[in-house]
Amino acid sequence: MSSIALRRRTQLAVLIGPVSLFLAVFFLGPLGIMIVTSFLAPGLYGGVEWTWYPHNYGRILGFADPMFEDFDPVYISIFFRSLKIAALTVVATLLVCYPAAFCISRLSERWKNFCLFLITLPFFTSLIVRLFIWVLILRQTGLVNGVLLGTGLIARPLELIYTDGAIILGMVYIFIPFMFMPVYASVEKLDWTLVRASLDLGAGPIRTFLRIILPLTSPGIAGGALIVFIPALGNFVVPAVLGGAKVMMLGNLIEQQFLSARNWPFGSALAMMVMSVMLVLLFVYVILSGRRGFDAATGR
């Protein structure tokens, strides 16, 4: 090995070594503890007992230990509800951000930068403050019901808060910047000469969108969907504030098991279920991205 190559490897190790060590200690370490804990028996007064106990997953998937507990379908229903709310959040944020990305990309450089600043502006405000503003807007004596009652459109206040819709609205409000940035990056790189060529050759707007625009911007859509879906699936702040005690999601259930019920193994099993969904999605995304890159390189 030449001295230049050795020097480059040494520089690379110095640069990424501290970051790799930090991730190994503070990410992989706790993750390993969670995996081990999820297969242990819960202690009588909290904590764990060092006994092999796979029935923590059974409480979710249907093979609970019949001597101590019964399978309760409420956990799997919470799991699927969380998946549904996270998926609807992805769809709603995409419907908002996709046309907005096209509109902003066609602006002048000055207005483009201003709009990008406005989109990132909510990051400068506390999340809790922003969510409680939505509580003031959606509650029975809030702004929406006040306007509807004042105009005579409704006779009594609507149940807008503490519902699935309120949670989805809060999620969309929070995760719009996470969807917008990757979508906007793909739209900015879109080759408009291909769009004009498609229209000149007789393809209509719908066919041009489906065959040209959508495939070229699909990497941004996929990346944004992944970035939004993963935190939305495990989020517990939004359901706690806008869902109250009426809507339970996986994040709230995990928090409850660790802090209130003190059933750490079951909470770890729930967390591993969420992590497994995230890893599957990441794996699929990497495979599809690699295949898309291979097709682009070979011209297929």
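Ring geometry, Phe26 versus Phe22: the interplanar angle falls from 30° to 60°, so the pair is classed tilted. Ring planes of Trp134 and Tyr173: perpendicular class, angle over 60° (limits at 30 and 60°). Using cut-offs of 30° and 60° on the angle between ring planes, the pair Tyr57 and Phe39 is tilted.
Of the possible donor and acceptor atoms, none in the side chain of Asn145 sits under 3.5 Å from a partner among the backbone N and O of Thr141. Judged by distance alone, the side chain of Ser198 and the main-chain N or O of Leu194 form no donor-acceptor pair under 3.5 Å. Under a 3.5 Å cut-off, the side chain of Ser77 and the backbone N or O of Val74 do form a donor-acceptor pair.
In terms of heavy-atom proximity, Gly224 sits nearest to Pro182 at CA-CG, 3.5 Å. Shortest non-hydrogen contact noted between Leu149 and Pro157 is CD1-CG, 4.0 Å. Contact between Cys115 and Ile104 at its shortest, heavy atoms only, is CB-CD1, 3.8 Å. Here the closest non-hydrogen pair linking Tyr285 and Ala222 is CE1-CB, 3.8 Å. Closest of all the heavy-atom pairs between Pro215 and Leu210 is CD-O, 3.3 Å. Heavy atoms only, all atoms of each residue included: Ala271 and Met34 are closest at CB-CE, 3.3 Å.
In this structure, Val247 and Pro239 have side chains that are not in contact, with every pair of non-hydrogen atoms separated by 4.5 Å or more. The shortest side-chain heavy-atom distance between Lys84 and Asp164 falls under the 4.5 Å cut-off. Annotation: side chain of Thr37 is not in contact with side chain of Asn56 (no heavy-atom distance under 4.5 Å). Counting heavy atoms from C-beta outward, Ile60 and Phe266 have side chains that approach closer than 4.5 Å. Looking only at side-chain heavy atoms (C-beta outward), Thr89 and Asn235 stay at 4.5 Å or farther from each other. Side-chain atoms of Val90 and Met179, non-hydrogen and from C-beta on, do get closer than 4.5 Å to each other. The shortest side-chain heavy-atom distance between Pro231 and Leu233 does not fall under the 4.5 Å cut-off. Considering only heavy atoms from C-beta on, Arg8 stays 4.5 Å or farther from Leu12 through its side chain.
Linking ILVMFWY side-chain heavy atoms closer than 4.5 Å, directly or via other members, places Ile167 and Ile133 in a single hydrophobic cluster. In the hydrophobic cluster analysis, where Ile, Leu, Val, Met, Phe, Trp and Tyr join through side-chain heavy atoms closer than 4.5 angstrom, Leu160 is grouped together with Ile154. Transitive grouping of hydrophobic side chains (ILVMFWY, heavy atoms separated by less than 4.5 Å) keeps Val183 and Leu116 in distinct clusters. Cluster annotation: Ile119 is not connected to Leu94 through the hydrophobic network of ILVMFWY side chains, with a link wherever side-chain heavy atoms come within less than 4.5 Å. Cluster membership for Ile16 and Phe27, using ILVMFWY side-chain heavy atoms within less than 4.5 angstrom, is not shared.
Within the model, atoms CE of Met249 and CD1 of Ile254 stand 10.5 Å from one another, a figure rounded to the nearest 0.5 Å. Rounding to the nearest 0.5 Å places CD1 of Ile230 at 6.0 Å from CG of Leu281. Asp191 contributes atom CG, which lies 12.5 Å from atom NZ of Lys189 (distance to the nearest 0.5 angstrom). In this structure, SG on Cys97 lies 12.5 Å from CZ on Phe175, to the nearest 0.5 angstrom. For the atom pair CG of Leu143 and CG of Leu136, the computed distance is 9.5 Å after rounding to the nearest 0.5 Å. Put simply, CG on Asn263 and CD on Gln256 are 10.5 Å apart, with the number rounded to the nearest 0.5 Å.
Shown here is Phe283, whose CZ atom has no more than 12 heavy atoms of other residues, nucleotides or ligands within 6.0 Å. Open room surrounds CD1 on Ile206; 12 or fewer heavy atoms of other groups in view lie less than 6.0 Å from it. The number of heavy-atom neighbours closer than 6.0 Å to CZ of Arg130, taken from other residues, nucleotides and ligands shown, is above 12. With a 6.0 Å radius and a threshold of 12 heavy atoms from other residues, nucleotides or ligands, Trp192 has its CH2 atom above the threshold.
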Intermediate values then yes/no, ring pair (Phe, Tyr, Trp, His ring centres under 6.0 Å), Tyr75 and Phe79: CA-CA 6 Å; Tyr75 298 119; Phe79 184 78; over 10 Å; no
From CA spacing to verdict: side chain to side chain contact (heavy atoms under 4.5 Å, CB included), Val237, Ile174: CA-CA 11 Å; Val237 178; Ile174 290 173; over 6 Å; no
Intermediate values then yes/no, side chain to side chain contact (heavy atoms under 4.5 Å, CB included), Met275 and Ile35: CA-CA 10 Å; Met275 186 67 69; Ile35 294 173; over 6 Å; no
Full working for ring pair (Phe, Tyr, Trp, His ring centres under 6.0 Å) between Phe123 and Phe178: CA-CA 11 Å; Phe123 286 118; Phe178 296 89; 5.6 Å; yes
Trace of the side chain to side chain contact (heavy atoms under 4.5 Å, CB included) decision for Met181 with Thr120: CA-CA 9 Å; Met181 290 305 176; Thr120 58; 3.3 Å; yes
Verdict with supporting geometry, Ile161 and Val135, side chain to side chain contact (heavy atoms under 4.5 Å, CB included): CA-CA 7 Å; Ile161 200 170; Val135 173; 3.8 Å; yes
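Among residues two or more places apart in sequence or in another chain, the side-chain hydrogen bond (donor to acceptor under 3.5 Å, both in side chains) test is passed with Gln140 by Glu159. Looking at residues two or more places apart in sequence or on another chain, you find no side-chain hydrogen bond (donor to acceptor under 3.5 Å, both in side chains) involving Ser186.
Remark: the Tyr184 side chain and the Ser105 side chain contain no N/O donor-acceptor pair separated by less than 3.5 Å.
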